[in-house]
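Notes follow once the structure below has been shown.
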Amino acid sequence: MSLTTSTGYLYAAILLAAGFTFVLITMTVANLLAPRRRTSEKLQTYESGEVPIGSAWVQYPLGFYIFALLFVAFDVDIVFIITWAILFKSLSIFGFFEILFFIIVLALGLVYAWRKGVIRWI
């Protein structure tokens, strides 16, 4: 291991220790200075400034969750497509067919979700 590598690890360890120390000190000071009295307003559920109506235990339709999963899947896929676009010239024709297959699989997933009625409520 070279000297520059050891120095890099030393700097990283110092920054890590400084970060932990900072967090511990600020949390301790916040605990010491925080008010402790409980009032009815502090114990009330906060809903964006609105008074809560009814129970928070409501069953949402399954379609909402599936739509959220679709959003996350397509959002992550955009990261892969952007990375592919940056490396496009170095990937040659194999890279083109690889991303084409990737986009076809995504499109089939979207068609499947559409057919199942997941995105019908939009």
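Being a predicted model, the structure only gives us computed values, none of them experimental.
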So if I apply the side-chain contact (heavy atoms from CB on, under 4.5 Å) rule between M27 and each of V29, V23, N31, I25, which one comes out positive?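 Of the listed residues V29, V23, N31, I25, the side-chain contact (heavy atoms from CB on, under 4.5 Å) partner of M27 is V23.
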Would a single hydrophobic cluster contain both [Y] and [X], if residues Ile, Leu, Val, Met, Phe, Trp and Tyr are joined by side-chain heavy-atom contacts under 4.5 Å?
X: L70; Y: V105; answer: no
X: L69; Y: I78; answer: no
X: L91; Y: I99; answer: yes
X: Y11; Y: F22; answer: no
X: F97; Y: L108; answer: yes

Can you measure from OH (Y9) to CD1 (I14) and round to the nearest 0.5 angstrom? 15.0 Å
Measuring from atom CD1 of I81 to atom CD1 of I86, what distance do you get when rounded to the nearest 0.5 angstrom?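 Here the rounded value is 12.5 Å.
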Could you check whether F80 and W84 have their ring centres less than 6.0 Å apart? no
Hey, does F102 have a side-chain heavy atom less than 4.5 Å from the side chain of D77? yes
Dump the intermediate steps for side chain to side chain contact (heavy atoms under 4.5 Å, CB included) on L110 and L106, then the final yes or no. CA-CA 6 Å; L110 183 61; L106 284 178; over 6 Å; no
Would the number of heavy atoms belonging to other residues, nucleotides or ligands and lying under 6.0 Å from CZ of R37 be above 12? no
Within a radius of less than 6.0 Å around CZ of F96, do more than 12 heavy atoms belonging to other residues, nucleotides or ligands occur?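 No, because the 6.0 Å sphere around CZ of F96 holds 12 heavy atoms or fewer from other groups.
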